[in-house]
Amino acid sequence: MRIGVLAVQGAFAEHEQMLRALGAECFEIRQRADLSGQMDGLVLPGGESTVMGKLLRELGLLQPLWEKIESGLPVLATCAGLILLAERISGEEGRHLGTLPVTVKRNAYGRQLGSFYAEAEMKHIGMVPMHFIRAPYVETAGSGVEVLAEVDGRIVAVQYQNQLALSFHPEVSGDASVHRYFLRMCENRII
Amino acid sequence: MGNQTEKSRYELNKELAQMLKGGVIMDVTTPEQAKIAQEAGACAVMALERIPADIRAAGGVSRMSDPAMIKGIQEAVSIPVMAKCRIGHFAEAQILEAIEIDYIDESEVLSPADDVYHIDKTQFKVPFVCGARDLGEALRRIEEGASMIRTKGEPGTGDVIQAVRHMRQMNREIARICSMREDELFDCAKELQVSYDLVKYVHENGRLPVVNFAAGGVATPADAALMMQLGAEGVFVGSGIFKSGDPQKRAAAIVKAVTNYKDAKLLAELSENLGEAMVGINEQEIALLMAERGK
């Protein structure tokens, strides 16, 4: 299993460490040439979505990644990654990949003082520790989007076909259950 | 919201620094500059009244910026906003916390307010980044509650030599601790004036327990790539951008250089036609060594 991790900015190394511990092979995506090999899954990590979105465009990654996601490549998106996938960003005109039919609200809990930790039930997975860091949440989910978790009445995890998107950071939590679930999504597609 | 303990607050603060990795944090003095920085791909901005080169030129005592000016920048951008307080000036830090700054830089760029004590950063909810010239300084700041470290470099000079020296020094000392026998770690903790637990962490993990950025004197895409190849996890650029001929272009080029810091071909393209770099001063020519502030 070979997972591509978008590595233009942010906490990509943490995802790689977690996936490798689960036995997956990882490679970093920093430019177009990195997309030439086999890819069984894609991770869009946490970081700054404005930076990643800009670099996706300028490094010529936006279109090829969009095509891969649209053709069914399993993708795990966390925090900024969720914003990259969202079809609509609340209060903003633009969007990035726009493959996930949700409206997402950026910096929805305010500045760093609003960052928090919680534990909540995630559908298909169980109790999951959740680190929210200047996090977004899903304001509205379109049809066909399965809500996997809510915290304080806000949607914080969704799945839409091959796309798994979270507003928190499993990659820094020390708990591998979300990544294990994602690798199962990748396995099921290969078979 | 959730079960908030002090420990988890410190973890969340360290994790915010993790989200900044692979990015460029830019000094800005106005909302307009902050927008330019954000559009160029900055992962955060440092709001300050005068960039280090101008602080250096003006001389005199330099202090925390006007909160109204910082708030203007907070309103202008959606990325995290940092601001500086003087070393040891916990009242300035309290004020920055009150306006909900995302990160406080307890910085040697400003005039120190205390020549013995740094701020007890464990008493704050907002995170702190601190400068360090070597491993001992870095670990002492972490002991005091810093959740991110940067090299001191020599701010406002456009001369990267000190940042390089500090990064190499830290790497060298980390390698030395990794190669120690376990029974040597106790004495090493005494030598560095830090707790045994921190030294043990470095011994076991071969790195600092927090994110480590390069800062001080970075002025070109090549400077940024150099610091990344030396092991920096991201870069602060202060005077280098808005003291140059074409800030927008230079800022965007440095951002891309940090993402693809090993691709010399791309770095060559990024370095083309950037206009004039900041003039800079060599370290032998400066009267005031800011990196000597705070131990």
Side-chain angles (χ1 to χ4, degrees), chain A residues 6-15 28-31 33-34 45-59 61 78-80 83 89 91-92 106-107 109-120 129-136 151-152 154 168-169 171-174, chain B residues 1-5 7-25 37-45 74 77-82 97-104 124-127 147 207 211 233-234 252-253 255-256 258-263 265-266 270:
Chain A
L6 183 68
V8 295
Q9 194 268 325
F12 47 85
E14 288 79 353
H15 276 289
E28 295 185 350
I29 303 169
R30 291 173 187 270
Q31 46 186 271
D34 298 328
E48 272 307 312
S49 62
T50 50
V51 182
M52 288 194 228
K54 179 184 153 64
L55 289 169
L56 279 180
R57 280 182 189 85
E58 293 180 1
L59 294 164
L61 289 166
T78 61
C79 195
I83 297 166
I89 302 170
E92 292 180 27
R106 288 183 64 205
N107 299 336
Y109 299 93
R111 302 185 187 282
Q112 175 62 5
L113 279 174
S115 293
F116 67 103
Y117 171 80
E119 271 177 46
M130 300 176 176
H131 297 232
F132 294 88
I133 302 162
R134 285 175 49 97
V151 171
D152 297 327
R154 312 285 194 196
F168 54 93
H169 294 276
E171 73 275 20
V172 299
S173 70
Chain B
M1 244 182 250
N3 43 340
Q4 205 75 254
T5 63
K7 190 175 178 300
S8 82
R9 172 56 53 191
Y10 183 58
E11 294 303 318
L12 289 165
N13 285 342
K14 284 201 292 187
E15 287 157 10
L16 174 58
Q18 285 173 267
M19 299 308 144
L20 301 174
K21 281 191 301 182
V24 181
I25 301 170
Q38 178 170 273
E39 277 157 29
C43 68
V45 289
Q74 285 176 315
V77 294
S78 62
I79 55 179
V81 178
M82 304 182 165
E97 182 170 68
I99 61 168
E100 299 200 8
I101 202 76
D102 291 301
Y103 241 96
I104 297 175
F124 288 79
K125 289 199 178 92
V126 291
S147 38
R207 55 161 295 138
V211 165
E233 296 180 283
V255 167
K256 282 191 211 142
V258 167
T259 298
N260 281 293
Y261 61 92
K262 285 182 190 160
D263 184 342
K265 222 171 155 183
L266 183 66
L270 293 172

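Just so we're on the same page: letters track the sequence lines, and every chain starts at 1. Treat the numbers as computed from the prediction; the structure is a model and nothing was measured. When reading the values below, keep in mind they use all heavy atoms of this one structure, side chains included, and skip hydrogens, waters and symmetry mates.
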Among [options], single out the residue with the greatest number of heavy-atom pairs under 4.5 Å to chain A.
| options | answer |
| --- | --- |
| B/G22, B/A44, B/S78 | B/S78 |
| B/Q38, B/E100, B/E15 | B/E15 |
| B/Q74, B/K14, B/K125, B/K256 | B/Q74 |

Which portion of [X] sits near chain A, non-hydrogen atoms under 4.5 angstrom:
| X | value |
| --- | --- |
| B/N13 | both |
| B/Y261 | side chain |
| B/E39 | backbone |
| B/A42 | backbone |

Measure across [X] and [Y] and return the closest heavy-atom pair with its distance rounded to 0.1 Å.
| X | Y | result |
| --- | --- | --- |
| A/R134 | B/I79 | NH2-C, 3.4 Å |
| B/T259 | A/V8 | OG1-O, 2.8 Å |
| B/E97 | A/L113 | O-CD1, 3.8 Å |
| B/P127 | A/Q112 | CD-CG, 3.7 Å |
| B/R9 | A/S115 | NH2-O, 2.8 Å |
| A/Q9 | B/C43 | NE2-CB, 3.8 Å |

Counting N and O atoms only, with roles assigned by atom type, does the side chain of B/D102 sit under 3.5 Å from a partner on the main chain of A/R111, one being a donor and the other an acceptor?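 Pair absent, no side-chain N/O of B/D102 close to backbone of A/R111.
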Determine whether a donor-acceptor pair (N or O, by modelled atom type, separation under 3.5 Å) exists between the side chain of B/N260 and the backbone of A/Q31.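 Not a single qualifying donor-acceptor pair exists.
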Go through the atoms of A/A120 and report whether side chain, backbone, both or neither lie under 4.5 Å from a heavy atom of chain B.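 For A/A120, no heavy atom lies under 4.5 Å from chain B.
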State whether B/K21 and A/E14 are salt-bridged, where the test is any N-O pair (Lys NZ or Arg NE/NH1/NH2 against Asp/Glu carboxylate O) under 4.0 Å.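 Salt bridge present between B/K21 and A/E14.
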Roughly how far, to the nearest 0.5 Å, is the [atom2] atom of [Y] from the [atom1] atom of [X]?
| X | Y | atom1 | atom2 | result |
| --- | --- | --- | --- | --- |
| A/H169 | B/L16 | NE2 | CG | 9.0 Å |
| A/H131 | B/S8 | NE2 | OG | 8.0 Å |
| A/E48 | B/I25 | CD | CD1 | 10.0 Å |

